[in-house]
Each structure stands twice: as C-alpha cells, then as structure tokens.
Number of protein chains: 2
Amino acid sequence: MLRLTKKADYGLMALKYLAEHPETPALSAKDVADAYGIPAQLLAKILQRLTKTGLLRSHAGMNGGYALARDPRQISAFEVIRAIDGPLFITSCTKGTKACELTPSCTIKEPLARVNETIAGVLKSISIQDLAEQEHAAGKAREAHGLVALTP
Amino acid sequence: MLRLTKKADYGLMALKYLAEHPETPALSAKDVADAYGIPAQLLAKILQRLTKTGLLRSHAGMNGGYALARDPRQISAFEVIRAIDGPLFITSCTKGTKACELTPSCTIKEPLARVNETIAGVLKSISIQDLAEQEHAAGKAREAHGLVALTP
DNA sequence: GAAAGCCCGACAGAATCGGTCGTATACTAA
DNA sequence: TTAGTATACGACCGATTCTGTCGGGCTTTC
C-alpha cells in the first residue's frame, strides 16, 4: 500500500534520464520510452502533463522532444508526483476541499495530516539530481528530517 | 495519491475507539461501526484481520466483541496499516520479493526505497494512543524525524 | 510539402477497492 | 437444551481507478 502509480514512476524515471543527458538539447518521448521499455504513447502523455505544469519544455518538429525546464537540482520529486498523480493525501476521506462528509467524527485524519506533511517534506527534499546520482539520495533523505521537523 | 485505503482508515478509527474505551471489556464490531457510520460487515472483516495479526483479541457470544491485545501505546499505526493494506511499498515496481522485472534499469526505486523507510518510520512512531489524544500526535510526529534520521 | 515530433481527447481492458450476502462456528444466558 | 448474540470466513458484485491504446490534429524542420 501507499504506492505511487506507475505513471509517477515513469515520470520520475524520464526526468532522471533527461538529467543524465544534459548535453542533448532535447529527447523525444520515444527515446526515453525505449531506454526503459516503457510504452511510448503512455510516456508521451505523462511528459505532456509535465510540460503543462512547467517542469519540462517541449519542442515539436524534427529533432524535437523534451528538456528540463529548470536545473535538475530545482525540481523535486514532490512536484513530479503531484503533477502526475494529483495532490497528495494520505487520508482517503479528504478529497480536495471538502472533508470527510460521511464521518464527521473522523478525528483520525487530523493526526494523519501531520504524517502527510512529513511525507511531502521528504519528497520535496529529493531532487531529480539526487535521483540521477543515487548514492547521494540517501543522505539527502536523512537531512530532510531535520528540515521537516522545524515546520510543525 | 499515496492514499491509504478506506479499510485502513476504518481500522485506525476502530482501534482509536477501542483505546478510548478501556473500561469496557469488549466492543462489538457493530458498536464501533455505528459510532462512526461505517458499514458494519465491512468493519467486522477488518477487525477479524486485525485479530488474526494479533493486534486485537476477539470474544464470541453475548457481550463479546473485540479488545486491544496490547497497550494502545504499543500498537503503531504502521502495524495496523500493514495488517490491512499489506506491506508498504512506495514504488509500484517492487511487489513483494521480486523486483522490477520489466525494467531492469529502474534505478529510481533505490532512492525511493529510502523514502519508503522514512514513511514507515514515521508511521511506526505513531501509536494508537497518540491518535486517541490527538493533540499530542503532532509532537510525536515531530520527534519521529530525529529517530528515523539515526537509522540510515 | 513531407516527415518527425508534440498535443489531446476518448476509450477499452485490467486490477483494485468497497461493500454485501450467506453460512458456519463459538459462546452466553436463561 | 435452546435461543440469541457475536465472531469467522469465503464468494461475489458494482464502482472506481489505473494502464495502455487508438485516432486525429497541430507545429517545426528539412
């Protein structure tokens, strides 16, 4: 449980791949899809979504494709996941603006909202760059705790 | 995304309810279901599952029902969620023992496994008792970061 | 103008989730 | 002993979500 969707995985993998190839001006959806064995059309839609949210820049035509809109250090895993999977809610009762209408006495979700914030904080602290150099990611994740702990 | 299932929510709510009524020897599934407006039969199945994993003790017959098997301080949210929703995996590629067979080059999941551990750590640090006294839960969650940070 | 690529909506198959039903079993009380 | 209460468990179905595909349209480069 608590699983990311495959789409989010694909998106993270694609951004990581782009970060690993900074020399090329743009990579097509098919290029990335072939590199990982991901369905090309599905990845295309994911990349389009990431483009619409401003994480990628797209370029049509020959030798077109996608490129990171920002430095990979400035793109967090959280942004990618939210762009693809939508807002992050650990509690199934909170859906967007309206809360737990079925169970008004659901006092569970208040403490779980803290957990939610923590998870979001950890994901925010991990950048695409970290994924590209995976050795450092563990350290980053550890640092994150301190940071998150300061924001109650 | 990253949502708990409703069953897990129900389970947490039920355990919290049991923790709030330590004086009664046992509460039936229906009692708890009525208190929160949860479908009684569904909650019954959830509580049966929690019984099988050793978090609850059940007693059939008149005045029977369920009771916490341990002190509410000794039952973590993590245990409850895992009992109901199964093992916690943030990456959709890792399913139990076998890893990412489709994409052997999926280097994404290694750093995300750290995130996974962090989330598990936070959930482990929150007890049913904390849920019952929700004011304190926030503080507990904050402490958790330090603890988790020490276990790379 | 043709090929390579992005853009986008619709849709179908699959998996999971939420919830119900029926039945069997265990325990208590009268 | 019998009736009533409650758990235990498996089968099942409708709904939702996820994954992936198809088709057509638009943009840029050669």
Side-chain angles (χ1 to χ4, degrees), chain A residues 1-11 13-14 18 24-34 36-67 69 81 84-87 89 91-93 95 102-103, chain B residues 1-11 13-14 18 24-34 36-67 69 81 84-87 89 91-93 95 102-103:
Chain A
M1 240 304 102
L2 267 183
R3 208 164 275 139
L4 252 52
T5 62
K6 259 185 180 173
K7 291 183 187 178
D9 273 356
Y10 291 163
M13 289 163 68
L18 290 175
T24 60
L27 285 168
S28 73
K30 191 173 182 310
D31 290 339
V32 183
D34 289 350
Y36 289 111
I38 300 172
Q41 299 202 73
L42 178 56
L43 182 63
K45 279 213 307 197
I46 294 168
L47 296 181
Q48 285 158 26
R49 199 177 193 89
L50 292 175
T51 303
K52 207 155 69 176
T53 55
L55 297 177
L56 291 178
R57 295 202 175 282
S58 65
H59 193 51
M62 290 262 303
N63 297 324
Y66 298 91
I81 293 168
I84 297 171
D85 282 350
F89 288 125
T91 46
S92 54
C93 48
K95 296 182 179 178
L102 291 175
T103 58
Chain B
M1 241 308 101
L2 265 183
R3 209 164 274 139
L4 251 53
T5 61
K6 258 184 181 172
K7 291 181 186 178
D9 273 355
Y10 292 163
M13 288 162 69
L18 290 175
T24 59
L27 285 168
S28 74
K30 191 173 183 306
D31 289 341
V32 182
D34 289 350
Y36 288 112
I38 299 173
Q41 300 204 70
L42 178 56
L43 182 63
K45 277 212 308 195
I46 295 168
L47 296 182
Q48 284 159 25
R49 198 177 194 87
L50 292 175
T51 302
K52 207 154 67 176
T53 56
L55 297 177
L56 291 179
R57 295 204 174 280
S58 64
H59 194 51
M62 287 258 309
N63 297 322
Y66 298 91
I81 293 169
I84 298 171
D85 283 350
F89 287 126
T91 47
S92 53
C93 48
K95 295 181 180 177
L102 290 175
T103 59

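Naming convention: chains lettered A, B, ... in sequence-line order (proteins, then strands); numbering from 1 in each chain.
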[X] side-chain proximity, nearest of [options]:
X	options	answer
B/Gln48	C/dC7, D/dT7, C/dG5	D/dT7
A/Ser28	C/dC6, C/dG18, D/dG20	C/dC6
B/Pro39	C/dC7, D/dT7, C/dG19	C/dG19
A/Lys45	C/dT20, D/dT7, C/dG9	C/dG9

Please report, rounded to the nearest Å, how far the [atom2] atom of [N] is from the [atom1] atom of [X].
X	N	atom1	atom2	value
B/Leu50	D/dC9	CG	P	13 Å
A/Tyr10	D/dG20	OH	C1'	9 Å
B/Tyr66	D/dA6	OH	C1'	8 Å
B/Asp85	C/dC17	CG	P	7 Å
A/Lys7	D/dT19	NZ	P	6 Å
B/Leu4	C/dT16	CG	P	17 Å
B/Arg49	C/dG18	CZ	P	13 Å
A/Leu42	C/dC11	CG	C1'	14 Å

Sugar-phosphate, base or nothing in reach of A/Ala29, heavy atoms under 4.0 Å: sugar-phosphate
Beyond-backbone contact of B/Thr24 with B/Asp31, side-chain heavy atoms, under 4.5 angstrom: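 Result no, sub-4.5 Å side-chain heavy-atom pair not found.
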Side-chain heavy atoms of A/Leu4 within contact of A/Ile81, under 4.5 Å: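 They are in contact (side-chain heavy atoms under 4.5 Å apart), so the answer is yes.
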Nearest-0.5 Å distance that lies between atom OH in A/Tyr66 and atom CD1 in A/Ile46: 10.5 Å
Residue among B/Met13, B/Lys30, B/Lys6 satisfying side-chain contact (heavy atoms from CB on, under 4.5 Å) with B/Ile38: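 The option that passes is B/Met13.
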Qualifying residue for side-chain contact (heavy atoms from CB on, under 4.5 Å) with A/Leu55, from A/Leu50, A/Leu47, A/Ile84: A/Leu50
N/O (side chain, B/Ser58) to phosphate O (OP1/OP2, D/dA8) under 4.0 Å: yes
Pairwise 5' ranking along DNA chain C for B/Ala8 and A/Gly64, keeping only the more 5' one: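 First, find each residue's nearest nucleotide; the 5'-ward one identifies A/Gly64.
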For the student: nearest non-hydrogen atoms of A/Ala40 and A/Ala33, plus distance: CA-CB, 3.6 Å
Base versus backbone protein contacts along nucleotides 23-30 of chain C [heavy-atom cut-off under 4.0 Å; B, S, -]: ---BBS--
Side chain to side chain contact (heavy atoms under 4.5 Å, CB included) partners of A/Pro25, counting only residues at least two apart: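 For A/Pro25 there are no side chain to side chain contact (heavy atoms under 4.5 Å, CB included) partners, ignoring immediate neighbours.
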